[in-house]
Amino acid sequence: MTIPLLRNSPVGRLVKVPAGYETFVPDPLPRQLDLDAPLVYALDKASRAVSLLAGIGETLPNPYLLIRPFMRREAVLSSRIEGTQASLSDVFIFDASEARRDPAGDAREVANYAAALEHGLQRLGELSLSVRLMNELHARLLAGVRGEDKTPGQLRTRQVWIADRGTTIEQARFVPPPAEAVRDLLGDLEQFLNEELQMPPLVQAALAHYQFEAIHPYLDGNGRVGRLLIILFLCAKDVLTTPLLYLSAYFERLRSDYYDRLFGVSATGDWHAWLAFFLRGVETQAKDAAARSRRLHHVQTEYRARFKGIRSSNATRLLDELFMAPVITAPGAARLLGVTLAAAHRLLERLVALGVVVEDRSMRPRLYIARDLLWELERPFVEEQGGQISLLSPQ
């Protein structure tokens, strides 16, 4: 039980509720924060990595071909933190398959995350980063999946706690604020997200993410909504022109550190340790996205070279579609291109012959998979000694 560690918190207070247990209510976020030299250095490295990624996004012939697969990758990894087991391949197969086989429901949960992210990006031109937008994200996240009984799109009206399944509130690792405090706390967070502060946007994003997780405003799905807000905030602040930077891979790989740094803020007000962790994640994932973008562009160039001599606009359109969704069926290709099923089969067989896709006959309709693209998207990102960063080959 961690409640005693929160008694002297400099960033919040314990509030005892009528039921007899104590909850943690965070203070409003600071509007100014002094950064020491190591943090300034970490911020500079993260900012340079993000600028490099933004530049790559602007120089790619069609960066939008990468947005959808990067979104799907983020959806897989963010959902994995919450316990889903679906792989990126599973999700693309789920998207493409007419049968929509998903016994555990994991692929649908991931698909919901991607749909919520797409919705949020579309709504940025219409809505501020607001409680209303958070509720819309939450509603899409939980539609038709586990948690759909947890009032999707509505702030919680009862107490929640953070603990292993089956653990009582008295044994919880963290007990967020009582339900009646949630709306006011979110009001301050909404204001913080939309204020023009003399604070670097990456620092502002880190503080906002902590605060959302500390408030825990929903009965379920808080972690995923909180991670969605990071990319939406960075796009709203024009830190990124294309949504290619996602932190869930970093949080998932260092899950214990992620939770410890968040709790450290609540317990001791240690913003610096959380910011150092967050900024390192931004730098790492920005470099990951930049390297991955370059490799995918290389694959695209190789594929186009194989198309020399093929005078078919439909083949080029299908190639672009494969970059957005590396798994397709003949019926799906026929609908996409507006051609007959027979014509779609002929075109896909030509792509098989060129080595662009492989055929999987284990499902009906059969799947055509751009395996090289999937490999590039699924490669894990690792750091080697000496600070050099490289991509591992798939096993």
Side-chain angles (χ1 to χ4, degrees), residues 23-24 26 71-86 90-91 94 102 104-124 127 129-167 169 172-179 181-183 185-186 189-190 193 205 208-233 243 246-249 251-252 255 258-259 262-263:
T23 67
F24 181 78
M71 283 182 177
R72 291 296 188 273
R73 187 170 189 272
E74 161 67 7
V76 166
L77 294 167
S78 184
S79 300
R80 190 173 294 166
I81 296 174
E82 310 303 325
T84 65
Q85 300 300 315
D90 293 333
V91 174
F94 175 81
D102 184 27
D106 286 359
R108 188 175 295 278
E109 285 194 32
V110 174
N112 278 10
Y113 185 97
L117 177 53
E118 289 171 356
H119 175 80
L121 290 166
Q122 291 168 359
R123 291 288 271 163
L124 282 182
L127 281 180
L129 289 166
S130 59
V131 176
R132 178 181 173 183
L133 180 57
M134 295 175 201
N135 287 344
E136 290 182 8
L137 297 175
H138 189 254
R140 280 159 177 76
L141 194 66
L142 297 187
V145 297
R146 287 173 294 187
E148 64 178 334
D149 60 334
K150 303 290 180 62
T151 60
Q154 298 178 43
L155 301 179
R156 60 181 169 89
T157 57
R158 62 179 191 265
Q159 187 65 52
V160 296
W161 59 94
I162 300 172
D164 295 331
R165 188 178 297 276
T167 303
I169 193 168
R173 292 194 303 270
F174 184 77
V175 183
V182 165
R183 189 167 293 277
L185 289 167
L186 282 181
L189 176 58
E190 180 179 311
L193 288 166
H209 183 70
Y210 160 79
Q211 191 77 348
F212 183 88
E213 297 304 321
I215 297 169
H216 239 61
Y218 300 107
L219 293 178
D220 193 16
N222 292 282
R224 285 166 287 174
V225 175
R227 289 185 287 277
L228 283 169
L229 286 175
I230 295 174
I231 185 63
L232 294 178
F233 176 82
Y246 301 99
L247 297 186
S248 290
F251 292 158
E252 199 272 334
R255 192 180 310 186
Y258 170 55
Y259 292 138
L262 287 173
F263 184 78

**Prompt:** Any idea which heavy atoms bring V76 and T84 closest together, and the distance?
**Reply:** O-OG1, 4.4 Å
**Message:** Does any part of the side chain of P26, heavy atoms only, come nearer than 4.5 Å to the side chain of I215, both counted from C-beta?
**Reply:** yes
**Item:** Residues forming a side chain to side chain donor-acceptor pair (under 3.5 Å) with E252, sequence neighbours excluded
**Value:** R255
**Asked** Can you list every side-chain hydrogen bond (donor to acceptor under 3.5 Å, both in side chains) pair that touches residues 112-123, not counting sequence neighbours?
**Response** R72-E118, E74-Y113, S78-Y113, H119-E136, H119-R140, R123-E126, R123-E136
**Message:** Working to the nearest 0.5 angstrom, can you tell me the gap between L137 CG and L117 CG?
**Reply:** 8.5 Å
**Request:** Can you sort out the partners of R183 under side chain to side chain donor-acceptor pair (under 3.5 Å), two or more places apart, ordered by chain and number?
**Result:** none
**Prompt:** Are F212 and L193 side-chain neighbours, meaning at least one heavy-atom pair lies under 4.5 Å?
**Reply:** no
**Message:** I'd like to check R224 versus E109 (side-chain heavy atoms, cut-off strictly below 4.5 Å). Are they in contact?
**Reply:** yes
**Asked** Under a 4.5 Å cut-off applied to non-hydrogen side-chain atoms, are N222 and P217 in contact?
**Response** yes
**Request:** Give the minimum heavy-atom separation between R108 and G144, together with the two atoms involved.
**Result:** CD-O, 3.8 Å
**Asked** At what distance, to the nearest 0.5 angstrom, does CG of L133 lie from CG of L229?
**Response** 7.0 Å
**Asked** Quick one: CG on L127 to CZ on R132, what's the gap to the nearest 0.5 Å?
**Response** 5.0 Å
**Request:** Dump the intermediate steps for side chain to side chain contact (heavy atoms under 4.5 Å, CB included) on F263 and I162, then the final yes or no.
**Result:** CA-CA 11 Å; F263 184 78; I162 300 172; over 6 Å; no
**Request:** Applying side chain to side chain contact (heavy atoms under 4.5 Å, CB included), name anything that partners Q154, two or more places apart in sequence or on another chain.
**Result:** T151
**Prompt:** What residues form a ring-ring contact (aromatic ring centres under 6.0 Å, His included) with Y210, not counting sequence neighbours?
**Reply:** W271
**Message:** Between L124 and L129, is there a side-chain heavy-atom distance shorter than 4.5 Å?
**Reply:** yes
**Prompt:** Under the side chain to side chain donor-acceptor pair (under 3.5 Å) test, which residues partner Q211, sequence neighbours left out?
**Reply:** none
**Message:** Taking side chain to side chain contact (heavy atoms under 4.5 Å, CB included) as the definition, give me every residue that meets it alongside A163, ordered by chain and number, with sequence neighbours left out.
**Reply:** W161, T167, A172
**Request:** For Y258, check side chain to side chain contact (heavy atoms under 4.5 Å, CB included) against everything at least two apart and list the hits.
**Result:** H209, E213, R227, F251, L262, W274, F277
**Item:** From CG (L228) to CG (L121), nearest 0.5 Å
**Value:** 9.0 Å
**Asked** Can you tell if the side chain of D164 reaches within under 4.5 Å of the side chain of R173, non-hydrogen atoms only?
**Response** yes
**Request:** Could you tell me the separation between the CZ atom of F174 and the OG1 atom of T23, rounded to the nearest 0.5 Å?
**Result:** 9.0 Å
**Fill in**
Across all chains, not counting sequence neighbours, the side chain to side chain donor-acceptor pair (under 3.5 Å) partners of Y218 are N135
**Prompt:** Does A107 offer a backbone N or O that forms a donor-acceptor pair with the side chain of D90 under 3.5 Å?
**Reply:** no
**Message:** Holding to side chain to side chain contact (heavy atoms under 4.5 Å, CB included), I want the full list of residues that pass it with A115, two or more places apart in sequence or in another chain.
**Reply:** none
**Complete:** In short, A179 meets Q159 closest at the heavy-atom pair N-OE1, 4.4 Å
**Message:** Using 0.5 Å steps for rounding, measure from the CD1 atom of I231 to the OG atom of S248.
**Reply:** 10.0 Å
**Request:** Give the minimum heavy-atom separation between H138 and D220, together with the two atoms involved.
**Result:** NE2-O, 2.7 Å
**Request:** Measure across A86 and R80 and return the closest heavy-atom pair with its distance rounded to 0.1 Å.
**Result:** O-NH2, 3.6 Å
**Request:** Answer whether the closest heavy-atom distance between the side chains of D106 and S79 falls below 4.5 Å.
**Result:** no
**Prompt:** Is there side-chain contact between P177 and H216, with heavy atoms separated by less than 4.5 Å?
**Reply:** no
